[in-house]
S.K.: 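This is the structure I have questions about; it appears just below.
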2 protein chains.
Amino acid sequence: MQLREDVIMAPEDPRRSRVTLLDVARQANVSRATASLVIRKSPLVGAETRQRVEDAIVALGYIYNMGAARLRAERSHTVGVIVPNLTNPFFAELLGGIEHAIDTAGMVVILANSGDLLTRQAAVIRRMREHGVDGLILCPAADTEEALPAQIGAWGLPAVQVLRQVTANADYAGADYAAGMRQAVDYLASLGHTDIAFAVHGPVHSAYHERVEGFREAMTARALQEDMIIRVPDQLGQIADATRLLFEQPRPATAVICFNDVIAHGVAAGLYDRGLTVGRDFSLVGFDDVTDAEAMRPRLTSVSTAPARIGENAARMLLERIANPGLPARRNVSATYLHIRQSCGPAPHFVT
Amino acid sequence: MQLREDVIMAPEDPRRSRVTLLDVARQANVSRATASLVIRKSPLVGAETRQRVEDAIVALGYIYNMGAARLRAERSHTVGVIVPNLTNPFFAELLGGIEHAIDTAGMVVILANSGDLLTRQAAVIRRMREHGVDGLILCPAADTEEALPAQIGAWGLPAVQVLRQVTANADYAGADYAAGMRQAVDYLASLGHTDIAFAVHGPVHSAYHERVEGFREAMTARALQEDMIIRVPDQLGQIADATRLLFEQPRPATAVICFNDVIAHGVAAGLYDRGLTVGRDFSLVGFDDVTDAEAMRPRLTSVSTAPARIGENAARMLLERIANPGLPARRNVSATYLHIRQSCGPAPHFVT
DNA sequence: GCGTCGATTTAGATCGATCTAAGTCCCCCG
DNA sequence: CGGGGGACTTAGATCGATCTAAATCGACGC
């Protein structure tokens, strides 16, 4: 009788009193503890009892209260993700990969944007701590101190660095940028190019250094001039104008490798503006190989880094670290490959 | 004496016993309740006491425990955001706008991807409820039942629809897609075009219908053939090939309006492949005006919808509804404008 | 000197789950 | 027939904040 009343009352006032585990337990004629075990899929509970509880759950429309569980169990089923910027499609793909892996693990992503600013980064990290995330995937803002990961570790918060690394003493998932640069340089050299520029922009961080170093080493290995490194604007709309810098060099470039596909896109526009045909008059290599590369004309040859895969790797590393905090620091540096399309051609006067 | 020991012990074991409000209270020689009031910036507490507590907070490195607060106070300072897809730069910009507005309100975003699938959408909504989000920003998956927002409302969960609407009985933030189509059609008509196609793809939902209807009405208003609506593939890489459909019509098109900039990008590539010059031989209008539009050559004329702004609007609406659940359903439909660049020219044989 | 009032402060109950440690049963073995 | 063990089940304490209702304390008016 009384139970029947409970059932009727529950949906009556949906705002103030939500259905709780105690309601479920009463409905199923078991204790709160048993109901809790059923929810957590413990093998300890009998088949018939389990069924009764599960029926009660759907009958009452019970919704698990993570907040309460977290308080007691110290696990929030929540992962913080901090990126420096959302509008670059590269980060969107990364985020997609992370979200997918985290979701299939039954957890959710709390997202924050550091804007590549140290103060904002500190603020969002604190906020993540307040929300009790189980772990952190962090693409460190430029100029992040090397000690930050250790600091985070001292707080007992598992974390992995993604795309950029500030220290080798913490987990890291990224791509082998230097090897990617080598692939690009070797390819252009095989087409006879000797005056190869590297167009860069954005903040300076480990991924930046790795690419610059990769470029320098690959160039010197072939006894080529390795200092044609050209800064272009951050805004896509303004990159085209900066293309002229490629020709205002002591020895004008005949090919350019771009720091990312955004720059490649802008430079392609700038070359078009000068009446040059990409792939014939000038060679162009991008970096990242995001989906747009396939739709450019001519199609863009680009070093593929597969950001979605990096995101999944980072998420998996984090989950493993959460499960086993004692692990030594690990690195997951995935290989890049050069996706050759149509944006490169032989150097002028070059005969194979 | 004993207090001193507490202070020393607190940092000793960072994992198991975190610093709690009670520790802060003891350190500041006040009660837990007073410390709580200080944290929540209540005006009830005296200036000198407040200072003591604030000092204790920094001295102990205290971190607020949202989870515990949520349990008692029924507010999680958390907002759920559900998008159908992350890789389209359009959604990335939307997400950026949402994140920014939510962040400045001191709350965080929990992100989920529905993949435009009803079953996944249901699953992620449930997960958001489990996490006790204070509100939901939802871009409904295609074929979402009209009753869903009412359902969510019945659960006591404030929600706003974004970009797509399944009912007028719930908050909605979007853009005036039909007006955008009208602007595009009028512009092309003013250049003398009469055979105007509309290239579409993707799932069918309210934003899709609004654009198709807007196209039809604008065309019939000018006594033009309004049924050249052409479906192209979803994958950017495959759109170029489908461009031939524009010419396999009873009366071949001389201009095309694209459902979004992704299609415009692909169609531009397809026109290039046929040896046609965009803006001279054929006219092209995009929709969304994402950042790439400026970098295409020729620059893409596109209907601007400002997704970041829509995201901010949606976030603001949600915050207002959370603050005041009694409000009637509201709509925020922002105006579009035609960003004219270089991808359109006069129709063949057309003399102004 | 006493009651009242405003300004602060506080004890203790409470939110909804999990965890620990201790029961129940029931069966089977010696 | 007593007891040991396996398979379940459960009472009650607990996590760390907030909220309610009440206490404390001068000061002030009468």
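The structure displayed is predicted, hence computed values, not measured ones. Computed from heavy atoms alone, side chains included, the values below leave out hydrogens, waters and symmetry copies. Residue numbers begin at 1 in each chain, while the letters A, B, ... track the order of the sequences.
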S.K.: I want to verify a distance call: between D/dG16, C/dT14, D/dT9, whose nearest atom is closest to the A/Val45 side chain?
M.R.: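 In terms of side-chain proximity for A/Val45, the closest of D/dG16, C/dT14, D/dT9 is D/dT9.
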S.K.: Give the nucleotide from the list C/dA17, C/dT10, D/dG16 with an atom nearest to the side chain of A/Ala68.
M.R.: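 Selected nucleotide: C/dA17.
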S.K.: Taking only N and O in the side chain of B/Thr34, is any of them less than 4.0 Å away from OP1 or OP2 of C/dT10?
M.R.: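 Checking C/dT10 against B/Thr34, a side-chain N or O does come within under 4.0 Å of OP1 or OP2.
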S.K.: Find which nucleotide of DNA chain C each of B/Leu37 and A/Ala69 is nearest to by heavy atoms, and output the residue with the more 5' nucleotide.
M.R.: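 Closer to the 5' end of DNA chain C: B/Leu37.
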S.K.: Nearest 0.5 angstrom please: A/Gln161 CD to A/Ile137 CD1, how far?
M.R.: 12.0 Å
S.K.: Look at the side-chain N and O atoms of B/Thr49 and state whether any lies under 4.0 Å from the OP1 or OP2 oxygen of C/dT9.
M.R.: yes
S.K.: Nearest heavy atom decides the nucleotide; on that basis, is B/Ala73 or B/Arg50 closer to the 5' end of DNA chain C?
M.R.: B/Arg50
S.K.: What's B/Ala33 touching, base or sugar-phosphate or nothing? Going by heavy atoms closer than 4.0 Å.
M.R.: base
S.K.: In whole Å, what is the span from the CD atom of A/Glu48 to the P atom of D/dT9?
M.R.: 9 Å
S.K.: Please tell me which of the listed nucleotides, C/dA17, C/dT8, C/dG16, lies nearest to the side chain of B/Leu44?
M.R.: C/dT8
S.K.: To the nearest angstrom, how far is A/Arg32 atom CZ from D/dC15 atom P?
M.R.: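 So the two atoms are 15 Å apart, to the nearest Å.
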S.K.: B/Ser36 side chain N/O closer than 4.0 Å to the phosphate oxygens (OP1, OP2) of D/dC19?
M.R.: no
S.K.: How close or far is atom P of D/dC15 from atom CG of B/Leu71, stated in whole angstroms?
M.R.: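 Whole-Å distance recorded here is 14 Å.
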S.K.: As an exercise, state the distance from NE2 of B/His131 to NE2 of A/His131, rounded to the nearest 0.5 Å.
M.R.: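 Atom-to-atom, B/His131:NE2 and A/His131:NE2 are 12.5 Å apart.
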S.K.: Give the rounded distance in Å between these two atoms: CZ of B/Arg72 and C1' of C/dG12.
M.R.: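 These atoms are roughly 11 Å apart.
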S.K.: If the cut-off is 4.0 Å, is B/Thr20 near the phosphate of D/dC15, judged by side-chain N/O to OP1 or OP2?
M.R.: no
S.K.: Is a salt bridge present between A/Glu48 and A/Arg52, judged by a nitrogen-to-oxygen distance below 4.0 Å?
M.R.: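 Counted as a salt bridge, because a side-chain N and a carboxylate O are separated by less than 4.0 Å.
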S.K.: Of all heavy-atom pairs between B/Asp143 and B/Leu118, which one has the smallest distance, and what is that distance?
M.R.: O-CD1, 3.6 Å
S.K.: Within less than 4.0 Å of OP1 or OP2 of D/dC19, is there a side-chain N or O belonging to B/Arg40?
M.R.: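 Indeed, a polar side-chain atom of B/Arg40 lies that close.
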S.K.: Can you tell me the distance, in whole Å, between the CZ atom of A/Arg18 and the P atom of C/dG16?
M.R.: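 My rounded result for the distance is 7 Å.
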S.K.: Nearest to the side chain of A/Tyr64, which nucleotide is it out of C/dT18, D/dA17, D/dA11?
M.R.: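 For A/Tyr64, the side-chain atoms sit closest to C/dT18.
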